[in-house]
There are 2 protein chains.
Amino acid sequence: MAATIKDVARLAGVSQSSVCRALAAPDQVRPATRERVHQAAAQLGYRPNRVARSLSTGRTGNIGLVLPDIANPFFPGVVKAVQRRAREFDLAVLLADTDEDPAAELELISTMTKQVDGFLLCSPRASDEDLRSVSGDTPVVFVNRRVGRLPSVNFDSADGIRQAITHLAALGHRRVAYVAGPRSSWVNRERLRSIRSVATAMDLEVVEAGNVTPTLEGGIAVADQILAASVTAVIAFNDMIGLGLLSGFNARGVNVPADISVVGFDNIPTAGLVNPPLTSVDMPKEQCGRSGVELLVQLLNDREGRAGSRRLLPTQLIVRGSTGPAART
Amino acid sequence: MAATIKDVARLAGVSQSSVCRALAAPDQVRPATRERVHQAAAQLGYRPNRVARSLSTGRTGNIGLVLPDIANPFFPGVVKAVQRRAREFDLAVLLADTDEDPAAELELISTMTKQVDGFLLCSPRASDEDLRSVSGDTPVVFVNRRVGRLPSVNFDSADGIRQAITHLAALGHRRVAYVAGPRSSWVNRERLRSIRSVATAMDLEVVEAGNVTPTLEGGIAVADQILAASVTAVIAFNDMIGLGLLSGFNARGVNVPADISVVGFDNIPTAGLVNPPLTSVDMPKEQCGRSGVELLVQLLNDREGRAGSRRLLPTQLIVRGSTGPAART
DNA sequence: TTGAAAGCGCTACCAC
DNA sequence: GTGGTAGCGCTTTCAA
């Protein structure tokens with residue numbers, strides 16, 4: 001049986017309270033006592049029981065990390081950073097993969113809510129209303145989504161889109177397609193908005209396709225539709241879709257970038273590996289994960305504190321072989 | 001404030017105990033009472049506090065999932081399956097990424113140990129001795145590693161290697177390289193063993209390279225060394241290294257598979273996307289995750305039960321464009 | 001079938 | 001500075 005605080009107290013010849021203090025608030029205890037306690041604890045290999053602690057403090061030392069699909073290579077980068085930063089705050093990470101399902105998302109949040117101090121909701125698919133209510137019960141930081149003025153970490157997609165479209169325009173493209181991701185994705189809606197406004201401003205024509213799943217399959221499925229749209233370039237909601245397009249085009253013998261240019265978002269590791277490599281708008285995933293944890297921790301400390309802050313991270317177009325001059329018509 | 005069991009009891013006009021039973025052991029309570037309790041619970045939106053439950057039952061309803069690097073695309077597939085199966089058993093998943101560091105691994109395990117019922121250790125990097133001691137304290141299922149006769153889920157690497165080498169031999173290769181992964185990886189040691197024995201049996205010559213990190217960078221770094229070894233084929237510890245090799249070869253103007261064939265392990269999603277696509281030994285990741293959870297649950301129920309069972313999952317060589325006939329010399 | 005009550009291990013408040 | 005003690009919310013005897 002693992003040693004409890006009582007065992008330590010007995011061995012050190014002090015009370016439970018003193019043990020507790022010696023470990024939690026070393027300066028409120030006489031050095032000699034502290035020393036005895038530490039020795040006893042070490043001798044017994046005492047590890048405080050976090051569960052018991054949670055029950056009395058109301059804090060669990062856990063954070064919930066919820067995301068739609070860990071198999072999308074965008075997320076592992078974020079998860080890793082979250083993990084690392086969380087550990088530095090002595091927080092454990094409870095992971096939940098919702099499989100892109102808004103109902104599952106809410107259900108998971110609801111079952112986890114009692115065992116975490118707060119949530120990091122990455123690209124949540126639920127409605128603003130539902131998310132707002134979650135945020136009412138528990139501290140929440142949104143990642144890749146904005147819900148009113150609630151705390152969030154976002155990427156500057158609008159600027160990424162501006163970079164992408166400027167790039168395509170400079171290459172001579174006048175008519176481009178946008179392959180939309182999930183309707184439930186806030187980022188998708190944002191990107192669509194930005195594309196429309198930037199394209200208008202630059203006098204480009206935009207063809208909208210999709211609402212496909214943000215997966216390879218989604219991209220492959222929509223490839224023929226894009227070819228039929230007689231555009232010279234296509235912007236995909238994310239790199240997975242972009243890679244699917246490349247694969248679909250390749251299957252049809254369509255040459256990228258000679259016949260059509262492709263741009264994705266996220267700059268996942270695979271983007272640079274395929275042939276031609278995929279031009280993509282990079283999102284600083286590490287920074288995102290770190291910032292998310294930091295904001296959440298801040299929120300946890302400012303108990304009931306002022307409405308949290310929001311962070312906007314810069315994006316950067318990475319030009320690779322999948323974009324090139326538009327064919328002369 | 002969230003409703004507690006007391007609130008439900010009061011509203012239903014029964015005792016705490018009855019509420020508890022009505023929810024946990026419905027058949028030990030008169031239907032009428034049960035009904036009242038359920039109604040009250042629903043009305044208050046009561047969700048039992050898992051932390052409190054843990055304290056009294058000693059079970060947390062959490063499992064710890066520990067792995068060396070979530071950014072390696074092999075793992076998300078496993079994680080997803082684990083997640084899904086765990087939910088079906090009403091278990092939450094605590095994730096820990098050790099960054100390939102055996103010390104961090106043990107530290108993480110040790111801090112998590114009180115808040116989980118058991119561990120799923122994926123490709124753990126610590127020593128047998130350390131892992132055995134973990135397994136002494138807490139139920140553990142090893143994934144991608146064998147430690148004595150302790151419960152584990154493994155892939156039949158030996159057979160995968162047999163398939164790979166048979167394939168290469170049939171293509172006329174007589175001298176192949178093996179790029180080893182981390183020294184701390186049990187799977188790496190196993191594969192090395194198998195390769196040696198299979199190659200000897202088939203009268204192939206094997207050149208051993210590496211002990212590189214199982215990443216793209218690892219593969220890229222070792223590419224020139226492989227070219228210098230005058231082999232006609234190379235087997236990489238995993239697909240990440242394999243992809244790195246492809247990339248490195250490409251940078252040197254070496255043609256795959258005309259000049260050299262490449263085989264990887266894991267069949268990660270990216271393997272089929274690159275050009276040429278990477279021949280790889282597929283590991284059934286979904287099944288692995290599911291089996292892991294099932295074994296662990298079984299272990300948790302057979303409290304102190306008989307030494308757990310072990311599962312060996314089949315592997316399958318997926319032949320793609322990165323392997324071809326050996327050049328005549 | 002139901003209720004009262006004793007903990008699970010820890011923290012935090014209140015006396016000393 | 002230190003010790004006693006009352007909970008945190010739930011489960012689980014033990015009686016009734």
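Every chain is numbered from 1 and lettered A, B, ... according to where its sequence line falls, protein lines coming before strand lines.
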Chemist: Can we say B:E190 and B:R146 salt-bridge, meaning some charged N sits less than 4.0 Å from an Asp/Glu carboxylate O?
Modeler: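 Judged by the 4.0 Å cut-off on N to carboxylate O distance, B:E190 and B:R146 do not form a salt bridge.
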Chemist: Under 3.5 Å, is there a donor-acceptor pair between the side chain of A:N72 and the main chain of A:F74?
Modeler: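 Yes, the answer is positive, given that a donor and an acceptor are paired below the 3.5 Å cut-off.
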Chemist: Ignoring hydrogens and angles, state whether a donor on the side chain of B:Q115 or A:N62 is under 3.5 Å from an acceptor on the partner side chain.
Modeler: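 Judged by distance alone, the side chains do pair up.
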Chemist: Rounded at 0.5 Å granularity, tell me how far CG in B:N154 sits from CG in B:L312.
Modeler: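 Taking CG in B:N154 and CG in B:L312, the distance rounds to 6.5 Å.
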Chemist: Are any of A:R53's side-chain N or O atoms less than 4.0 Å away from OP1 or OP2 of C:dT11?
Modeler: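 The answer is yes; a side-chain N or O of A:R53 sits under 4.0 Å from OP1 or OP2.
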Chemist: With DNA chain C as reference, determine whether B:R30 or B:K114 sits nearer its 5' end, using the nearest nucleotide of each.
Modeler: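 Upstream on the strand: B:R30.
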Chemist: Please give, in whole Å, the distance from C:dG9 P to B:R59 CZ?
Modeler: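 Rounding to the nearest Å, CZ of B:R59 and P of C:dG9 are 17 Å apart.
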Chemist: How long is the line joining CD of B:E35 and C1' of C:dT1, in whole Å?
Modeler: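 So the CD-C1' distance, B:E35 to C:dT1, works out to 17 Å.
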Chemist: Closest approach of A:L106 and A:V134, non-hydrogen atoms and distance?
Modeler: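 Looking at all heavy atoms of both residues, the shortest contact is CD2-CG2, 4.3 Å.
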Chemist: What is the distance from CD of B:Q115 to C1' of C:dC10, rounded to the nearest Å?
Modeler: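 So the two atoms are 15 Å apart, to the nearest Å.
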Chemist: Does a side-chain N-to-carboxylate-O contact under 4.0 Å join B:D27 and B:R34?
Modeler: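 Not counted as a salt bridge, because no side-chain N and carboxylate O are separated by less than 4.0 Å.
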Chemist: If you measure only the distance, is there a donor-acceptor pair under 3.5 Å linking the side chains of B:S18 and B:T33?
Modeler: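 Checked: B:S18/B:T33 side chains show no N/O donor-acceptor pair below 3.5 Å.
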Chemist: Taking only heavy atoms on the protein side, list every residue of residues 41-52 of chain A lying under 4.0 Å from any atom of DNA chain D, sorted numerically.
Modeler: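 By residue number: none to list.
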Chemist: Could you check how far CG of A:L23 sits from C1' of C:dT11, rounded to whole Å?
Modeler: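 Atom CG in A:L23 sits about 12 Å away from atom C1' in C:dT11.
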Chemist: Does a side-chain N-to-carboxylate-O contact under 4.0 Å join B:E88 and B:R85?
Modeler: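 Here B:E88 pairs with B:R85 in a salt bridge, since their nearest N and O are under 4.0 Å apart.
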Chemist: Between A:R36 (side chain only) and A:A12 (backbone N and O only), is there a donor and an acceptor less than 3.5 Å apart?
Modeler: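 Checked: pair present.
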Chemist: Let me know the distance between CD1 of A:I5 and P of D:dT5, rounded to the nearest Å.
Modeler: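 These atoms are roughly 16 Å apart.
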Chemist: List every contact pair, protein side and nucleotides 3-7 of chain C side both N or O, where the distance is under 3.5 Å.
Modeler:
| unit_1 | atom_1 | unit_2 | atom_2 | d |
| --- | --- | --- | --- | --- |
| C:dG3 | OP2 | B:S15 | N | 3.0 |
| C:dG3 | OP2 | B:S15 | OG | 3.1 |
| C:dG3 | OP2 | B:S18 | OG | 2.7 |
| C:dG3 | N7 | B:R21 | NH2 | 3.2 |
| C:dG3 | O6 | B:R21 | NH2 | 2.6 |
| C:dA4 | N7 | B:S17 | OG | 3.2 |
| C:dA4 | N6 | B:S17 | OG | 2.9 |

Chemist: Separation of B:L55 atom CG from D:dT11 atom P, in whole Å?
Modeler: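 Whole-Å distance recorded here is 11 Å.
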